[in-house]
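See below for the structure under consideration.
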Amino acid sequence: MAALRRLIAGNWKMNGLTADGLALASDLAARAASAPPDCDLLVCPPATLVAAVGAVLAGGAVALGGQDCAAAEKGAYTGDISAEMLRDAGCTHVIVGHSERRGACGETDEIVRTKVEAAWRAGLVAILCVGETRAEREAGLAQTVVTAQLSGSLPDGADAARLVVAYEPVWAIGTGLIPTLADIEEIHRAIRAGIPGGTRILYGGSVNPKNAAEILGLVEVDGALVGGASLKAEDFWAIAAACG
Ligand code: PEP
């Protein structure tokens, strides 16, 4: 299969007040306008900044995403944000099933699946995160856990135009640790066997300007989901530039 156009997605998590977010977005928008990299670009700011960052990015090459969405469309869900609201605020993508939500918020595969459905209902691309814990990897269960998460979280009717899968080993997130390149390829191949052809699979977990080229150089890797390094325009840009 021909190589897919890579996607570099930044997950800002719960970081940034208005001035920080707008400065980062403006910097990225300016870089994208003057020297577009050979990849698609996406940033996922905290919910408070989605609309303002969207206004800065409007019409440019950097797309906008949410970090999570509710399963329901509207109603009595205090504190939640629906996929329709994200779409209304200018988003084209939403991250679902991030390990920080699976872990800290108790999101099961079933809950994640309803969120993917919500994303599709609203016309958003769902970035579905899967990944094993350190204990699961050490027990030799990484592939089993990841493929079970994938099949449990992925609704029927998936297609490459509205799905991206992010393989994010929990133990690699924010730790500076990454799997071996062979391990990344092995898990991506297993994921690919369970999703429609042409669906992009991102690697996420401690991607930085130093390791980006070797990770993004893997045939099985169609981009990166970047946390910490997406908060500095220079670092995020260096990762995007590693797409070649
Ligand atoms: C993430 O949380 O999605 C992530 C990849 O974080 P980091 O790049 O900081 O490891």
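Atoms within each ligand, like the ligands themselves, are counted from 1 in listed order.
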**Q.** Asn11 and ligand 1 - part of the residue with a heavy-atom distance under 4.0 Å
**A.** side chain
**Q.** Nearest neighbour in protein (non-hydrogen) for atom 2 (O) of ligand 1
**A.** Lys13 NZ, 2.4 Å
Q: Return a yes/no value for Ser206: is any of its N or O atoms, backbone included, closer than 3.5 angstrom to an N or O of ligand 1?
A: yes
**Q.** Min side-chain heavy-atom separation Glu168-His98 under 4.5 Å
**A.** yes
Q: List the closest protein heavy-atom neighbour of atom 3 (O) of ligand 1: residue, atom name, distance to the nearest 0.1 Å.
A: Glu168 OE2, 2.7 Å
**Q.** Arg200 vs Ile127 side-chain heavy atoms within contact, under 4.5 Å
**A.** no
Q: Quick one: look up the protein heavy atom nearest atom 1 (C) of ligand 1 and list residue, atom name and how far away it is.
A: His98 NE2, 3.2 Å
Q | Candidate list Arg87, Arg162, His93, test side-chain contact (heavy atoms from CB on, under 4.5 Å), partner Leu124, passing option | A | Arg87
**Q.** Any Val146 side-chain heavy atom under 4.5 Å of Ile191 side chain
**A.** yes
**Q.** Value rounded to 0.5 Å, distance of CG in Leu28 from CG in Leu57
**A.** 7.5 Å
Q: Of all the heavy-atom pairs spanning Pro45 and Val50, show the shortest one and how long it is.
A: O-CG2, 3.9 Å
(Q) Only heavy atoms of Gly205, strictly under 4.0 Å: list the atoms of ligand 1 that pass. (A) 5 (C), 10 (O)
Q) What are the atoms of ligand 1, with element, lying closer than 4.0 Å to any heavy atom of Gly228? A) 7 (P), 8 (O), 9 (O)
Q. When you measure from atom 10 (O) of ligand 1 to each heavy atom in Gly227, Gly204, Gly174, which option holds the nearest one?
A. Gly174
